[in-house]
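Scroll down for the structure; my scribbles are underneath it.
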Amino acid sequence: NKISVKVWKQWQHIDLIVEVEANFVNGKEKHIIVIENKAYTSLHDDQLNRYSQIVEDWYKDKNVQIHYWVITFFDNDTKEFDSIANQCKEARGNWKCLSFYEVVDLTDKERQNGTYNEILDEFWVKNWY
């Protein structure tokens with residue numbers, strides 16, 4: 001199986017766009033992961049709908065599966081997380097709200113020194129841990 005991964009930071013003001021292409025027995029699949037980082041902040045200015053429209057327009061007529069994620073540091077049982085999760089449900093694109101802890105399991109050493117993954121460290125570890 002051949003896998004290709006491409007990442008763009010801050011394309012069209014979207015925090016991260018990840019293109020993953022993989023060859024499977026049944027053929028090639030291309031997945032687009034759109035990530036909006038809302039560590040300790042809320043959504044504003046109809047971001048999710050605007051970003052969904054931009055991504056859908058860009059990948060129009062291309063055979064891709066698009067996944068939309070908002071990643072936050074608010075715990076799942078807080079009103080802040082619930083607010084973001086509700087906005088995700090209401091936005092076009094079926095955004096999924098994830099707690100950072102659902103996405104990444106860091107060791108104590110990684111929390112202190114970073115993971116040596118530029119994107120992960122820049123967007124989350126250095127600023128929020």
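Treat the numbers as computed from the prediction; the structure is a model and nothing was measured. Hydrogens, waters and symmetry mates play no part in the numbers below; they use all other heavy atoms, side chains included.
- Considering only heavy atoms from C-beta on, V18 stays 4.5 Å or farther from I32 through its side chain.
- If you take NZ on K60 and NZ on K62, they are separated by 10.5 Å, rounding to the nearest 0.5 Å.
- A distance of 15.5 Å separates CD1 of I14 from NZ of K9, quoted to the nearest 0.5 Å.
- Enclosure of atom CG in D57 by more than 12 non-hydrogen atoms of other residues, nucleotides or ligands within 6.0 angstrom is indicated.
- Between D77 and F81, every side-chain heavy-atom pair lies at or beyond the 4.5 Å cut-off.
- Qualifying side chain to side chain donor-acceptor pair (under 3.5 Å) partners for H31, counting only residues two or more places apart in sequence or in other chains: E29, H67.
- E21 pairs by the salt bridge (charged side-chain N to carboxylate O under 4.0 Å, His left out) definition with K28, not counting sequence neighbours.
- Remark: K30 pairs with E19 by the salt bridge (charged side-chain N to carboxylate O under 4.0 Å, His left out) rule, at least two apart or across chains.
- Residue N94 qualifies as open at atom CG: its count of foreign heavy atoms under 6.0 Å is 12 or below.
- Between D15 and I35, every side-chain heavy-atom pair lies at or beyond the 4.5 Å cut-off.
- Between N37 and L16 there is no side-chain heavy-atom pair separated by less than 4.5 Å.
- Looking only at side-chain heavy atoms (C-beta outward), S52 and Y68 come within less than 4.5 Å of each other.
- How far OH of Y51 is from CH2 of W95: 8.0 Å, rounded to the nearest 0.5 Å.
- Every side chain to side chain donor-acceptor pair (under 3.5 Å) that R92 has, sequence neighbours left out, goes to Q53, E56.
- Residues meeting the side chain to side chain donor-acceptor pair (under 3.5 Å) test with S83, sequence neighbours left out: Q87.
- The environment of W8 atom CH2 is dense: over 12 non-hydrogen atoms of other residues, nucleotides or ligands sit within 6.0 angstrom.
- N76 and S99 get closest at one heavy-atom pair: OD1-CB, 3.1 Å.
- The NZ atom of K38 sits 11.5 Å away from atom SG of C97, with the distance rounded to the nearest 0.5 Å.
- Not a single side chain to side chain donor-acceptor pair (under 3.5 Å) links D82 to another residue, sequence neighbours left out.
- You'll find the side chain of T72 stays beyond 4.5 Å of the side chain of L98, heavy atoms only.
- Taking CD1 of I84 as the reference point, atom CG of L48 lies at 9.5 Å (rounded to 0.5 Å).
- For the atom pair I17 CD1 and E36 CD, the distance stands at 9.5 Å (nearest 0.5 Å).
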